[in-house]
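Everything below concerns the one structure shown next.
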Amino acid sequence: MNDFTVFSRRMQIVVMHLVLLAYTVFALFPVILVVINSMKARNAIFRTPYALPNPDNFDLVGYETVFERAGFPSYFLNSLIVTVGALALIFIAGTMAAYALSEYKFPGNTALGLYMALGIMVPIRLGTVSLLQLIVNLKLADTLTALILIYAASGLPLAVFVLSQFMRQIPRDLKDAARVDGASEYRIYALILPLIRPALGTVMVFNMIPIWNDLWFPLIVAPSEQNKTVTLGAQTFLGQFVNDWNAVLASLTLAALPVIILYIIFSRQLIRGLTAGAVK
Amino acid sequence: MNEMPAGSRRKFPIHIIVFLAPAVIIYTLFMIWPLLDSLRLSLYAPSPDGGVTFVGFQNYATLFNDPNYSERFWGALRNNVVFFIIHMAVQNPVGLLLASFLASRVTRFRTVFRTLIFTPTVLSVVLVGFIWRLILSPLWGISEGILAVIGIENQPWLGLPETALPTLSLVSVWQYVGIPMMLFLAALIAIPDEIIEAAQVDGATGWNVFWRIKLPLILPTVGIVGVLTFVGNFNAFDLIYTTQTALAGPNFATDLLATLFYRTFFGFQLQLGNPTMGATVAGVMFAIILAGVLVYLFGWQRRLLRNEVQL
């Protein structure tokens with residue numbers, strides 16, 4: 001290689017890093033701007049929006065308004081109940097169905113697998129008219145239970161699909177050895193659960209974020225104040241306090257924080273899930 | 001697949017039913033049945049006695065032709081197509097560019113970059129919508145200052161009918177670019193090094209390697225990204241509802257099929273909600289999404305398979 005190609009190769013590497021850096025700034029800048037300004041006094045927000053919070057401009061008045069006027073602790077609790085509830089259902093029902101589909105040969109196995117897979121691409125939102133009617137008929141209107149069941153139903157297709165693919169790779173000998181020892185089929189199912197932990201983590205993290213962030217079903221199925229999730233609570237609060245910049249910035253920060261923390265903890269699983277699904 | 005354990009061959013074993021029942025029941029009751037029943041409802045209309053009567057495809061004819069509905073419907077459909085085109089033209093190429101930089105072995109801090117760039121994707125659309133409303137607000141002047149540096153005159157981006165839809169499409173692109181980036185990254189990493197090295201030995205430049213070798217190899221992922229974008233875009237609601245309310249202003253310039261669905265179902269201002277017409281809008285969305293998925297499955301994937309056989 002001559003000097004010129006070495007030079008142009010180096011330039012190329014530098015440019016790639018600059019582009020990535022610039023894009024990272026672009027991706028984070030709006031979020032950071034909101035977080036730093038949420039802790040500043042009103043005139044500082046407008047006069048020095050880029051300044052970090054410091055003793056001169058520090059002010060938590062926005063957070064005070066949020067805690068006085070909106071039930072964020074209750075919104076968090078509702079979101080937590082809905083997300084954990086739906087994930088638990090997806091976990092139990094999903095692993096059981098995936099186990100049956102991957103372990104046993106029975107008439108209709110393939111058809112049932114295809115039937116479960118139908119829901120991967122079709123958004124559950126399109127059935128809202130009848131779903132709302134069903135929820136009302138079941139006396140579940142305006143309950144968190146309704147949300148849990150809806151999210152479980154929409155998360156199950158992908159969960160069953162991914163988990164049954166993964167379970168097929170578990171060696172047969174292991175299960176047969178347990179059968180020889182007289183273990184029941186239920187016992188064997190419980191036995192292999194720890195073996196599919198990586199796939200489980202992926203499925204759970206993958207479902208967690210859309211459930212936590214959803215606006216449509218909380219808005220339609222459980223809109224009352226005591227059942228609001230964080231996303232809907234933030235949406236209503238932001239709509240009412242649109243001109244109170246301190247309160248808006250504080251509520252945005254409060255609503256974003258849990259997801260960002262979860263993301264920091266689970267980013268590895270999430271990214272692994274997203275990429276493994278594609279490579280397959 | 002394995003044989004059933006001996007002894008349970010004759011009648012359908014109870015434990016298989018136990019394993020399958022919870023998932024099949026929840027999924028059928030809360031997903032498949034509402035989808036089918038909603039399609040059925042789209043063929044009915046409210047009758048004077050308070051029930052519904054079968055009207056065949058009349059609701060669809062009303063939606064397409066009746067002046068009370070058709071203007072909004074065709075407007076929402078056109079906006080939705082624009083929304084999708086902007087995602088395909090900006091989000092996916094940018095995602096591919098970032099992914100190809102991240103896949104390069106000479107790039108440092110790859111994990112840090114990809115984790116940070118993906119961050120907006122995990123935030124709720126409600127937060128993203130409001131954050132961008134603040135950034136674009138003339139009161140705050142953030143966008144004004146930044147755009148002045150590039151030499152673009154600031155405008156009420158979300159307030160003008162011509163700019164509102166492209167602006168919101170780009171906000172959505174900003175949020176979701178992480179998904180195509182990750183999918184493309186996974187596909188690029190999976191390309192064996194030997195193939196690239198062989199091409200380089202033959203004198204291929206970086207540009208040629210990308211167009212002649214890498215891009216053809218990641219075509220399956222291009223298809224997946226395309227169909228995911230399609231389904232997501234023709235189902236989008238939260239961003240418009242958050243920034244422009246269900247009225248999808250200014251003057252319905254940002255109306256998408258899902259906001260039209262919401263308004264038709266629940267009503268707005270003086271118009272009463274109409275469940276069967278709502279189901280009809282959902283029926284059209286269902287047909288569009290299904291068509292997109294089928295084009296992907298039978299057009300794109302099968303063609304790729306055929307090409308592989310020829311190679």
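Every chain is numbered from 1, with letters handed out A, B, ... down the list of sequences.
Ring geometry for A:Tyr186 against B:His15 counts as perpendicular: the plane angle is over 60°, on a 0 to 90° scale with 30° as the lower cut.
For A:Arg187, the CZ atom counts as loosely surrounded, since its 6.0 Å shell holds 12 or fewer non-hydrogen atoms of other residues, nucleotides or ligands.
For chain A, the nearby parts of B:Leu127 are the backbone and the side chain; heavy atoms of each come within less than 4.5 Å. Of the two parts of B:Ile289, only the side chain, counted from C-beta on, holds a non-hydrogen atom closer than 4.5 Å to a non-hydrogen atom of chain A. Heavy atoms of A:Asn37 lying under 4.5 Å from chain B belong exclusively to its side chain. Residue B:Thr28 touches chain A through both its backbone and its side chain, counting heavy-atom pairs closer than 4.5 Å. For a residue to count as touching a neighbouring chain, one of its non-hydrogen atoms must lie under 4.5 Å from one of that chain's; by this rule B:Val293 touches chain A with the side chain only. Interface remark: B:Leu123 contributes backbone and side-chain atoms alike to the contact with chain A (heavy atom separation under 4.5 Å). Both the backbone and the side chain of B:Phe118 come within contact range of chain A, with heavy atoms under 4.5 Å apart. For chain A, the nearby part of B:Ile32 is the side chain; its heavy atoms alone come within less than 4.5 Å. Using a 4.5 Å cut-off between heavy atoms, B:Val227 touches chain A through its side chain atoms alone. The contact between B:Pro275 and chain A is made by backbone and side chain atoms together, counting heavy-atom distances below 4.5 Å.
Here the CZ atom belonging to B:Arg108 is positioned 12.0 Å from the CE atom belonging to A:Met16, to the nearest 0.5 angstrom. One finds the CE atom of B:Met31 at 10.0 Å from the CG atom of A:Leu131 (value rounded to the nearest 0.5 Å). For the atom pair CG (A:Leu21) and CZ (B:Phe113), the distance works out to 5.0 Å, reported to the nearest 0.5 Å.
Residues B:Val18 and A:Met96 share a closest heavy-atom pair of O-CE, 3.2 Å. Of all non-hydrogen atoms in A:Gly127 and B:Leu35, the two that sit nearest each other are N-CD2, 3.5 Å. Minimum heavy-atom separation, B:Phe286 to A:Leu126: CA-CD1, 3.6 Å. Residue B:Phe237 comes nearest to A:Leu215 through the heavy atom pair CE2-CD2, 4.4 Å, listed as atom of the first residue, atom of the second, then distance.
Annotation: side chain of B:Thr119 is in contact with side chain of A:Leu28 (closest heavy-atom distance under 4.5 Å). Counting heavy atoms from C-beta on, the side chains of A:Thr128 and B:Pro34 never come closer than 4.5 Å. In this structure, the side chains of A:Leu132 and B:Phe266 come closer than 4.5 Å at one or more pairs of heavy atoms. With a 4.5 Å cut-off on side-chain heavy atoms, B:Leu290 and A:Met121 do not count as touching.
If you check the side chains of B:Tyr27 and A:Ser154, you find no donor sitting under 3.5 Å from an acceptor.
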Show me the donor-acceptor pairs, under 3.5 Å and distance only, between side chains in residues 94-101 of chain B and residues at least two apart or in other chains.
from     : atom 1 : to      : atom 2 : distance (Å)
B:Ser100 : OG     : B:Leu96 : O      : 3.3
B:Ser100 : OG     : B:Leu97 : O      : 2.8

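A side-chain hydrogen bond (donor to acceptor under 3.5 Å, both in side chains) check over residues 12-34 of chain A, counting only residues at least two apart or in different chains, returns the pairs A:Arg9-A:Gln12.
Proximity to chain A at a heavy-atom threshold of 4.5 Å picks out B:Ser137, B:Leu139, B:Trp140, B:Ile142 from residues 136-143 of chain B, in numerical order. By a heavy-atom distance cut of under 4.5 Å, A:Val259, A:Ile260, A:Tyr263 are the residues of residues 258-265 of chain A near chain B, going up by number.
Side-chain rings of B:Trp174 and A:Phe29 stay apart, their centers remaining 6.0 Å or farther from each other.
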